[in-house]
Amino acid sequence: AARKMFIGVVYMPDMGKSAAVRQAAYEQVQQDLLHLSSKGSVVVMGDFNARVGRAAQPTSHIGMHGESNDDVNGNGQLLLSLLSTVNMYALNARTPPPTADAHLTYVKRRSASGEVMGKSLIDYVIASPDIAMPSGATAGPTAFVGECIVSTDHLPVITSISRPVHRRGAPVIKLRLNANPKDFREQ
């Protein structure tokens with residue numbers, strides 16, 4: 001039987017927030033992901049405000065083509081721990097970028113001149129192992145950065161996930177991010 005698929009979006013507290021606030025947010029997402037992954041496949045995307053560095057092995061929870069490991073921040077450590085605990089994988093930076101900064105998702109600009117002051121990878125698509133590393137496949141899906149088409153400091157992160165479609169009258173489950181398990185009910 002096909003597994004259900006849960007898709008969520010997050011906006012995690014930035015590094016300007018206290019360590020306790022950031023830790024609590026990641027712990028809540030971890031609880032939600034553990035609950036959902038027991039019921040099906042999970043994909044979560046969004047602004048994690050996390051800099052995780054790069055992996056040494058292709059089977060790691062993060063890609064090998066991310067930022068320098070010198071750039072890991074506190075949220076990056078929280079995200080790395082989350083990925084390991086819930087056994088999920090970041091789809092970003094899994095393949096070499098066409099240019100040195102093509103995988104970076106955040107661009108900080110000086111407001112008056114628009115001059116670029118810094119770039120980083122803080123927006124991710126994370127997925128459960130059956131999506132990130134499908135059995136029998138030579139490679140799983142990757143996330144890549146698209147062109148900025150609106151006025152924002154974040155670039156769109158795009159991924160394509162292929163799954164077989166089974167059409168039937170499946171129950172609908174309403175999902176609320178950061179919800180308690182009792183908030184999930186079939187209709």
Side-chain angles (χ1 to χ4, degrees), residues 1-13 21-52 54-55 57-66 75-95 103 105 121-146 154-187:
R3 288 174 45 105
K4 293 179 182 178
M5 180 183 233
F6 300 94
I7 300 173
V9 178
V10 298
Y11 177 81
M12 301 305 282
V21 166
R22 293 182 295 106
Q23 176 88 29
Y26 273 90
E27 286 174 359
Q28 182 62 57
V29 170
Q30 178 177 308
Q31 288 176 5
D32 293 344
L33 294 177
L34 287 170
H35 174 74
L36 292 172
S37 63
S38 71
K39 298 187 173 298
S41 303
V42 181
V43 176
V44 177
M45 58 203 91
D47 184 351
F48 286 84
N49 279 302
R51 298 175 79 173
V52 299
R54 63 175 64 121
Q57 302 294 324
T59 56
S60 177
H61 291 278
I62 61 172
M64 294 176 59
H65 304 283
N75 278 356
Q77 293 169 349
L78 291 169
L79 180 55
L80 290 168
S81 175
L82 173 97
L83 292 171
S84 177
T85 301
V86 300
N87 193 30
M88 291 181 71
Y89 295 83
L91 302 183
N92 306 61
R94 293 235 167 241
T95 57
H103 62 286
T105 63
L121 171 56
I122 61 173
D123 305 286
Y124 298 88
V125 177
I126 65 173
S128 51
D130 60 314
I131 294 171
M133 301 180 150
S135 62
T138 56
T142 61
F144 64 94
V145 178
H154 292 263
L155 300 171
V157 181
I158 303 162
T159 191
S160 175
I161 298 169
S162 298
R163 295 199 22 123
V165 176
H166 299 279
R167 302 200 187 279
R168 61 182 169 87
V172 174
I173 296 179
K174 292 188 175 183
L175 168 64
R176 237 188 40 194
L177 199 56
N178 294 333
N180 292 317
K182 67 180 188 277
D183 294 330
F184 298 92
R185 59 186 181 278
E186 292 188 14
Q187 295 185 348

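Side chains included, hydrogens not; waters and symmetry mates left out as well; all remaining heavy atoms used.
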Nearest-0.5 Å distance that lies between atom CZ in Phe48 and atom OH in Tyr26: 6.5 Å
Evaluation steps, side-chain contact (heavy atoms from CB on, under 4.5 Å), between Thr159 and Val43: CA-CA 11 Å; Thr159 191; Val43 176; 5.7 Å; no
CD on Gln23 to CG on Leu78, rounded to 0.5 Å: 5.5 Å
Chi angles and distances behind the side-chain contact (heavy atoms from CB on, under 4.5 Å) call for Ser128, Ser41: CA-CA 6 Å; Ser128 51; Ser41 303; 3.8 Å; yes
Test item: Pro129 and Asn87 side chains (from C-beta on) under 4.5 Å apart, heavy atoms: yes
Flag, side chain of His103 to backbone of Val145, donor-acceptor distance under 3.5 Å: no
Glu27 and Gln31 side chains, donor-acceptor separation under 3.5 Å: no
Between Asn75 and Arg22: side-chain donor-acceptor atoms closer than 3.5 Å: yes
Flag side-chain contact, heavy atom, 4.5 Å: Ile62 against Tyr89: no
Donor-acceptor under 3.5 Å (Arg94 side chain, His65 main chain): no
Under 3.5 Å: donor-acceptor pair, side chain of Ser84, backbone of Leu80: no
Separation of Asp123 CG from Asp47 CG (nearest 0.5 Å): 4.5 Å
4.5 Å side-chain heavy-atom contact, Leu79 and Tyr124: yes
Gln30 and Val86: CA distance, side-chain angles, deciding distance, side-chain contact (heavy atoms from CB on, under 4.5 Å) verdict: CA-CA 7 Å; Gln30 178 177 308; Val86 300; 3.8 Å; yes
Donor-acceptor contact present, side-chain Thr105 to main-chain Ile122, <3.5 Å: yes
Heavy-atom donor-acceptor pair, Thr85 side chain to Leu82 backbone, under 3.5 Å: no
Atom pair CG/CE of Asp130 and Met5 - distance to nearest 0.5 Å: 7.5 Å
Inter-residue atom distance Thr142.OG1 - Leu91.CG, 0.5 Å rounding: 7.5 Å
Interatomic spacing from NE2 in His61 to CE in Met133 - rounded to 0.5 Å: 8.0 Å
Qualifying salt bridge (Lys or Arg N to Asp or Glu O under 4.0 Å) pairs with a residue from residues 78-89, counting only residues at least two apart or across chains: none
Minimal non-hydrogen separation, Pro134 against Pro141, with atom names: CD-CD, 4.4 Å
Within-4.5 Å side-chain heavy-atom neighbours: Val29 and Val44: no
